[in-house]
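First the structure, in the form of structure tokens, and then the observations on it.
Just the heavy atoms: all of them, side chains too, but no hydrogens, waters or symmetry mates, feed the values below. Nothing here was measured: the structure is a model prediction, and the numbers come from that model.
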Amino acid sequence: MINEFFKRISYRPLLLPVIFLIISGMGEYYLFIKWGTRLSIIYSSVLIVLLLFFCIYTLVKRLDSKITFAAILTLSLVIYSTCIYQNRFFLGESSGIKLSDDIVYDFTITDIEYKLDGKIRYYAFSDKFGKVIIYNTDELVDLGIKTLCKISLKGKLLVPSEGTNPGEFNNKEYLNKQGIFYIFKPQSVVSIKDNNNPLYNSSSTINYLNFNLRSKIYSFLNKCLEPENSELSGAIFLGDKSELSDDVKRDFRLSNSSHILACSGTHFTAFLLFVPVFLDKYCKRKKTKVVIYSIIATIIGILTGFGKSVTRAYFMSITRFSGRESISGILFAFIIIVLVNPFVLFDGGFQMSFMVSTFIVLFADRNIENNGIASFIKLTFLALISILPFMLTTDYYLNPVNILVQLINNTILLVACILIIPCALLSVISVAFIWPIDMLLTLMRKIVVFSSSFSLITINLRMIYYPLLVSLFLGFIVYKLPKVYIKKFLIKFTILIISSSLGAALAEYITAPTCKVIFADVGQGDSALIISEKYNAIIDGGVYEEGEKTLFDLLDYYQIDRIDFAIITHPDGDHGGGIAALYNLGRVKSIYSSYIKEDKIMALGFEIMPDIVQLVEGYSIKLSNSTVLKVISPSYITDGENDDSLVISLNCFNTSILFTGDISSSRENKLIESSLIDKADVLKVSHHGSRFSTSSEFIATVNPKEAVISVGKYNNYGHPSEEVIERLNESEVDIYTTCDCGAVIVDIYYHKYELYGYLEENNV
């Protein structure tokens, strides 16, 4: 077995360092995130010692030189990447750093990123807390800052924001996977010291000239293309998505076509498709062909931004054109990219890109003949299989429409990338030559918009049991293995794994909650999404901006196309604004409220006055056979202010939740006197924890086990008040605040319920 192992290494010596880079990097990072630097250091030390012994063994035994090369290269790369990881981890855990204080920090500018929308992003490094992104950089634009400049800035050092709701982008996790644990917002520049190294100065100049060239190309495309297509051209052809609107990004995401917006290996390969044909016709010498091809590939790589996927395709294409095997190109590209930035290992796009390309090289080259559309369909199917492990971490909507759309859009993309260079060159003579590109982009956009309307009523693979996806993926790999003795054992083992995960998935489906309530984190506002077996409802929506972003993403996450029952407890902006935003965006079927007069309703942000069903005491909304919303108050409406808030009880089996809007203690006392209030398991605390609400008598009457306070962090109202917290603690009520827990989620089952904070559940 050992001899077979060494034999395999001698065939592909680059495979060993790639495997150990993955094992080392993934292990160190996730151990650090979970338990801190101490355990990650122990892990890396053990790995390095084992590799050191392996190197010594290869030298003592005088094994094949390729094996020795692989061992030494592996040890060197693991030590190099480990040093970078551990240095960044230590700085990320730095203690004694004053956050949010306006003090002076010293930085070294490590990278400058120019965007087509005119914004500039500066990356910098500090000896105290590592790599940071500098935001709000308007003051820095005209200062001529270059790479490796020493700069002192006065401003605020902040921890990146977390994703506090299901479906919300987690900026902290995203930046941590780049080795960035802090962001910096400058207020003023104290001093700048230029780096006089001509090498780095020329590097900054080339970077800026490259951006100017790409910017001019983009401006030219803007003049030639229809306005709706111009923003797509920057993403598809130049690798810059900064000009894309949120609506376009969402449509492409819902139709599983987001990969089209990132200039990837597919784009790069298509740009170069006719180059070999041209070289074969006009160039005879092999070495000259390779040099010319490499130069053209480099130019295209620079113009497209040399992203991770493009870099992989760059090395693969040159390797293949040189007559080398593709797998060697993949391994070489992997090592180079990780060598430049070890943290790229944790980037989902990088992982997916290499997974897809490796899958296609291993299985397509051997099993798929070049027979046109059939080959293209098989390749698309292989790509779909290869990204199964990533589907849980992305919003992947599986339905026949989206699969067909991927096939069509991939074909359109291929044709557009093939034609863009000749069409752009010819359009200098006449703008009419750009028409094919305009037509293709228009067709792609319309197909995406059409298909995105079907996505939310189908299966989101995020909801599928993750072990089942992984076991299906492993099963496909085993099925594709060549006929060897161990394959029989692996097939039996894989069948057992798939059966077990399928059983677990069925058990999870059967035991799924009957009703789910999500108290969304909408800052200083109220919002609760209720999902039952049949219908859904939302009680309040925070301010208008929260509806546009937070609630919009929340509905997408739970595959809710439109809200069945949108309830506004009273017409305050921090309650009804988000409902107005969802209604304007076409995400609401019907609206209910205690107050229905046009003056205050339109002030919430509605573009037109909606039809509103008035709710008063005694009204019920049946969401399913087991879930009912019952209106307890008010019996009549006065002015629509806080005490006119709807008080609603949700009842599902033996679990009850009481929603109280913004009522004051005065209204609470009237409800107690009227005997309309029953006991509830969960209390949504009134008015964000104001001291004028949630009296001791009211708490005693409701007798909740848990209380949820929807409140914004660092708000100007002092919410939640110390008096309310004290009253709840005296009654031994467990308190959950959205500012600390993120969204608070209640899963209701037949005989019980579970309540937890989103941040705690997801270990954020």
Side-chain angles (χ1 to χ4, degrees), residues 247 519-520 522-530 535-552 554-555 560-623 629-650 659-664 666-668 670-671 676 684 686-688 690 692-693 710 712 717:
D247 288 341
F519 293 93
V522 290
Q524 187 66 14
D526 267 11
S527 184
L529 175 64
I530 304 166
Y535 296 111
N536 61 71
I538 190 167
I539 300 177
D540 290 331
V543 297
Y544 193 94
E545 293 75 15
E546 293 292 341
E548 284 184 309
K549 179 60 180 172
T550 304
L551 298 184
F552 201 91
L554 187 67
L555 296 185
I560 297 173
D561 184 24
R562 292 199 297 165
I563 292 291
D564 295 310
F565 304 96
I567 301 171
I568 302 174
T569 56
H570 67 298
D572 274 5
D574 61 334
H575 289 253
I579 302 295
L582 291 178
Y583 181 83
N584 293 340
L585 293 166
R587 303 297 295 269
V588 173
K589 290 182 181 178
S590 56
I591 298 180
Y592 298 75
S593 180
S594 60
Y595 189 89
I596 60 173
K597 293 182 180 179
E598 186 173 350
D599 55 347
K600 291 186 178 181
I601 294 296
M602 289 300 291
L604 295 175
F606 286 97
E607 294 175 355
I608 59 173
M609 181 62 186
D611 293 328
I612 301 179
V613 178
Q614 188 173 32
L615 295 182
V616 291
E617 177 191 322
Y619 198 104
S620 294
I621 298 175
K622 189 174 182 180
L623 300 181
L629 295 175
K630 181 181 178 182
V631 179
I632 298 173
S633 176
S635 57
Y636 61 92
I637 306 301
T638 56
D639 54 6
E641 295 301 321
N642 289 347
D643 276 347
D644 277 342
S645 293
L646 288 168
V647 178
I648 300 173
S649 174
L650 180 148
F659 301 88
T660 56
D662 276 354
I663 62 172
S664 67
S666 174
R667 176 66 70 177
E668 291 174 355
K670 290 180 180 179
L671 289 172
L676 291 172
K684 199 291 294 181
S686 174
H687 205 177
H688 323 292
S690 166
F692 300 109
S693 304
S710 186
Y717 307 98

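When all heavy atoms of Y535 and K622 are compared, the pair lying nearest together is CD1-O, 3.9 Å. Nearest heavy-atom pair across P571 and G640 is CD-O, 3.2 Å. Of all heavy-atom pairs between S686 and E668, the closest is CB-OE2, 4.3 Å. In this structure, I596 and M609 approach most closely via the heavy-atom pair O-CE, 3.5 Å. Closest approach of A580 and G605 over heavy atoms only: CB-C, 3.9 Å. In plain terms, the two heavy atoms of R562 and G586 that are nearest each other are CD-O, 3.1 Å.
In this structure the side chain of Y583 reaches within 4.5 angstrom of the side chain of P610, judged on heavy atoms. At least one side-chain heavy atom of K630 sits under 4.5 Å from a side-chain heavy atom of S620. L646 places a side-chain heavy atom less than 4.5 Å from the side chain of P634. The shortest side-chain heavy-atom distance between I538 and V588 does not fall under the 4.5 Å cut-off. Counting only heavy atoms from C-beta outward, the side chains of F565 and L623 approach each other to under 4.5 Å. Taking 4.5 Å as the limit, every side-chain heavy atom of L604 sits out of range of all side-chain heavy atoms of I579. Counting heavy atoms from C-beta on, the side chains of I539 and L650 never come closer than 4.5 Å. A 4.5 Å side-chain heavy-atom check between L551 and L529 finds every atom pair outside the cut-off.
Here NZ of K597 is found 13.0 Å from CD1 of I612. Values are rounded to the nearest 0.5 Å. To the nearest 0.5 Å, atoms CZ (F659) and CD1 (I632) are separated by 11.0 Å. The structure places CD1 of I591 at 3.5 Å from CZ of F606, a figure rounded to the nearest 0.5 Å. Here the straight-line distance linking atom NE2 of H687 with atom OG of S664 works out to 9.5 Å at 0.5 Å rounding. Between atom OG of residue S590 and atom CD1 of residue I563 there is a gap of 9.5 Å, rounded to the nearest 0.5 Å. Summarising the geometry, atom CD1 belonging to I601 is positioned 5.0 Å from atom OG belonging to S593; distances are rounded to the nearest 0.5 Å.
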Walk me through whether I621 and V631 qualify under side-chain contact (heavy atoms from CB on, under 4.5 Å). CA-CA 9 Å; I621 298 175; V631 179; over 6 Å; no

Apply side-chain contact (heavy atoms from CB on, under 4.5 Å) to the pair L629 and I567, showing each step before the final yes or no. CA-CA 11 Å; L629 295 175; I567 301 171; 4.0 Å; yes

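D662 and S645 share no side-chain donor-acceptor pair at under 3.5 Å.
Listed by first and then second residue, the side chain to side chain donor-acceptor pair (under 3.5 Å) pairs that reach into residues 600-611 are K600-E641, sequence neighbours excluded.
Between D643 and K670 no salt bridge is recorded (no basic side-chain N to carboxylate O distance below 4.0 Å).
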Which side-chain N or O atoms in residues 540-548 pair as donor and acceptor under 3.5 Å with protein atoms at least two apart or in another chain?
residue, atom, partner, partner atom, Å
D540, OD1, T569, N, 2.9
D540, OD1, T569, OG1, 3.1
D540, OD2, T569, OG1, 2.7
D540, OD2, H575, ND1, 2.8
Y544, OH, N584, ND2, 2.9
E546, OE1, T550, OG1, 2.5

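Judged purely by atom type and a 3.5 angstrom limit, T660 uses its side chain to pair as donor or acceptor with the backbone of K684. A donor-acceptor pair is defined here as one N or O able to donate and one able to accept, closer than 3.5 Å; no such pair exists between the side chain of S594 and the backbone of H570. Counting only distance, with no hydrogens or angles, the side chain of S633 and the backbone of V647 share no donor-acceptor pair below 3.5 Å. Checked by atom type and distance alone, the side chain of D644 pairs as donor or acceptor with a backbone atom of T638 at under 3.5 Å.
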